[in-house]
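Shown next, in structure tokens, is the structure this report addresses.
Being a predicted model, the structure only gives us computed values, none of them experimental. Indexing begins at 1, ligand by ligand and atom by atom, following the structure's order.
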Amino acid sequence: MKPKIYIKFLLSYVFFGIAAILVLCTFTQRSITNYLEKHEAQNLYREATQIASKYAANFTNTTLSLEDFQVRMESLSSYLSAEIWVVDSQGNVLFNSSDSSIGQRAANAHYTTLPDFDPTSFGNTYYTVGNFYDSFSENTITVFSPVTANYRVRSYVLIHKPVATVTEVTNHFMNITFFTVGIIYICAFLILLFFTICFYRPMLKMNSVAKSYAKGNFEPRISLHSNDEIGFLANTMNYMANELNTLEEDQRKFISNVSHDFRSPLTSIKGYVEAMLDGTIPPELQDKYLNIILFETERLAKLTQSILDLNQFGRHGIMLDVADFDINRMIKTTILTFEGTCNKKGLSFDLVLTGQELFVTGDMTKIQQVLYNLIDNATKFSHNNSAIKIETSIKNEKVLISVKDSGIGIPADSIKKIWDRFYKTDLSRGKDKKGTGLGLAIVKEIIQAHNEHINVISTEGVGTEFIFTLPLSKKEVQ
Ligand code: ATP
Ligand code: MG
């Protein structure tokens with residue numbers, strides 16, 4: 001797998017860095033500069049209007065001595081780090097805070113003149129940025145306030161301050177901003193690193209392991225020991241691999257069992273048929289061997305039916321056709337099927353049924369199959385001339401059905417295995433050659449599909465009892 005997501009993250013990270021630098025160098029810097037210029041201009045304008053109202057009027061009217069005015073303006077200009085000018089309407093610079101020869105000029109009435117000075121050029125704004133009629137070699141903020149006396153504009157107070165002072169502050173702000181963004185960028189890198197270690201690497205690991213599973217190799221396991229969702233997912237995948245492994249083993253076992261169970265009857269059928277055809281078995285003995293062939297064929301048919309049943313249960317679950325029926329009646333009709341076997345072995349049925357009728361809810365055909373399999377086992381593994389007890393009872397709105405024989409019993413170490421497909425105890429092998437070992441597996445599937453339970457109590461050499469439950473019909477409850 002190409003690490004697409006990871007590359008996307010990395011590219012986004014680099015793009016984020018470049019975009020942040022570009023935005024900082026253009027938009028942010030421009031915005032800060034504009035804001036500071038405007039802010040500075042506002043401050044200067046406030047000063048200019050104050051000078052215009054307090055001092056410049058006096059200056060025009062000569063009530064304040066020029067020297068006094070100069071001293072005050074010089075201290076103010078050094079405080080503001082700016083130049084203060086007073087200019088008349090013709091562009092004559094009447095006062096310049098940076099020019100100490102102002103006193104003489106006033107006396108001689110000889111001023112520096114701004115040739116193209118046009119007070120209307122400011123328009124509606126109160127400040128400009130530039131070199132102010134080539135008066136400065138560097139970019140300068142100039143604010144402008146008219147001096148009025150007797151309702152006439154006498155002159156203008158101008159304050160000039162180099163933009164460089166604002167740029168210095170801008171640079172200071174930019175340094176802080178760059179530093180902050182730098183820290184955010186490093187934090188983003190740490191998050192990326194965290195993501196790589198905690199999510200991306202485990203995901204890669206899980207992906208490669210999942211690929212192995214897809215190829216049928218369920219051996220690899222994911223070793224992650226985190227307590228979060230990723231760790232949980234890894235555990236789930238390990239669990240899944242275990243299950244698939246077991247399933248595969250079960251399937252192999254199932255196929256080898258099926259093949260074995262099919263092969264032995266087929267081999268004997270083939271052997272007897274060949275022997276009959278080539279005359280090894282004389283015609284007068286053929287009946288005996290044809291009966292064996294019939295027995296083996298029946299066994300094969302039964303085996304095929306059982307496998308089909310189990311396969312159907314496994315794939316779609318069991319579709320139940322649920323209805324109310326009389327379980328007592330079903331027991332009575334089912335035992336009739338075993339009349340022949342019972343007569344042969346001298347077996348008898350001892351029925352202990354609750355009530356005349358006992359209605360339960362379930363799938364009639366499937367429950368009949370359960371009863372048939374349990375009674376079939378009881379008759380197969382009972383000793384001759386013994387009794388099989390079938391009992392029904394009611395407990396907590398459940399009907400308990402018990403099939404009890406006093407036969408060979410099941411060894412304790414086999415009890416758990418009898419529900420497995422194809423399992424037969426060593427005790428039973430000699431007694432029942434026809435058995436496939438699938439009967440109880442089918443019984444269990446059917447009972448589980450009804451959400452009910454089945455239990456077995458057995459003692460080797462004493463007997464076996466199977467008890468299963470079914471819901472009592474609503475009819476019976478009322
Ligand atoms: P099939 O039911 O396909 O004819 P089976 O009877 O051998 O074959 P199961 O009904 O699944 O298969 O039973 C599995 C095994 O459990 C039997 O082979 C037998 O060893 C043991 N078993 C089942 N019921 C009894 C019983 N009542 N008494 C003693 N052993 C039993
Ligand atoms: Mg059976």
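Looking only at heavy atoms of the protein, atom 30 (N) of ligand 1 is closest to I410 CG1, 3.4 Å. What sits closest to atom 4 (O) of ligand 1 on the protein, heavy atoms only, is K302 NZ, 2.5 Å. Scanning the protein heavy atoms around atom 3 (O) of ligand 1, the nearest turns out to be T436 OG1, 2.4 Å. Given atom 23 (C) of ligand 1, the protein heavy atom at minimum distance is N377 ND2, 3.4 Å. At the top of the distance list for atom 27 (N) of ligand 1, counting protein heavy atoms only, stands D405 OD2, 2.9 Å.
Taking a 6.0 Å sphere around CG of N227, one finds it holds 12 or fewer heavy atoms contributed by other residues, nucleotides or ligands. Y213 OH: more than 12 foreign heavy atoms inside a 6.0 Å radius. Annotation: M364, atom CE; neighbour count of heavy atoms from other residues, nucleotides and ligands within 6.0 Å does not exceed 12. By the neighbour-count criterion of 12 heavy atoms within 6.0 Å, atom CZ of F194 is sparsely surrounded, having that number or fewer from other residues, nucleotides or ligands.
Between K424 and ligand 1, a contact under 3.5 Å exists for no N or O pair. Not a single N or O atom of I418, backbone or side chain, sits closer than 3.5 Å to an N or O atom of ligand 1. Taking only nitrogen or oxygen atoms, main chain and side chain alike, F381 does not reach within less than 3.5 Å of ligand 1. Residue-to-ligand polar distances keep I408 apart from ligand 1: every N/O pair is separated by 3.5 Å or more.
Counting atoms of ligand 1 from 1 in the listed order, those under 4.0 Å from a heavy atom of L440 are 9 (P), 10 (O), 11 (O), 13 (O), 23 (C). Distances below 4.0 Å separate heavy atoms of L438 from the following atoms of ligand 1: 3 (O), 11 (O), 12 (O). Under a 4.0 Å criterion applied to the non-hydrogen atoms of G437, ligand 1 contributes the atoms 1 (P), 3 (O), 5 (P), 7 (O), 8 (O), 11 (O), 12 (O). Which parts of ligand 1 touch S428 is read off a 4.0 Å heavy-atom cut-off, strictly below it: atoms 17 (C), 18 (O), 19 (C), 20 (O).
Residue N373: no N/O/S atom is found under 2.8 Å from the Mg ion (ligand 2).
Taking 4.5 Å as the limit, every side-chain heavy atom of T236 sits out of range of all side-chain heavy atoms of M240. Residues F144 and T125 fail the side-chain proximity criterion, which asks for heavy atoms closer than 4.5 Å. Side chains of I269 and L300 form a contact here, defined as non-hydrogen atoms less than 4.5 Å apart.
Residues E465 and S402 share a closest heavy-atom pair of OE2-OG, 2.7 Å.
At least one heavy atom of G409 sits less than 4.0 Å from an atom of ligand 1. Residue contacts with ligand 1 do not include W419, since none of its heavy atoms lies under 4.0 Å from the ligand.
There is a side-chain donor-acceptor pair under 3.5 Å between D309 and Q305. In this structure, a donor-acceptor pair under 3.5 Å is present between the side chains of N328 and T392. With no hydrogens or angles considered, no side-chain donor-acceptor pair links S145 and Y45 at under 3.5 Å.
Contacts between Y423 and ligand 1 below 4.0 angstrom, taking non-hydrogen atoms only, involve the backbone exclusively.
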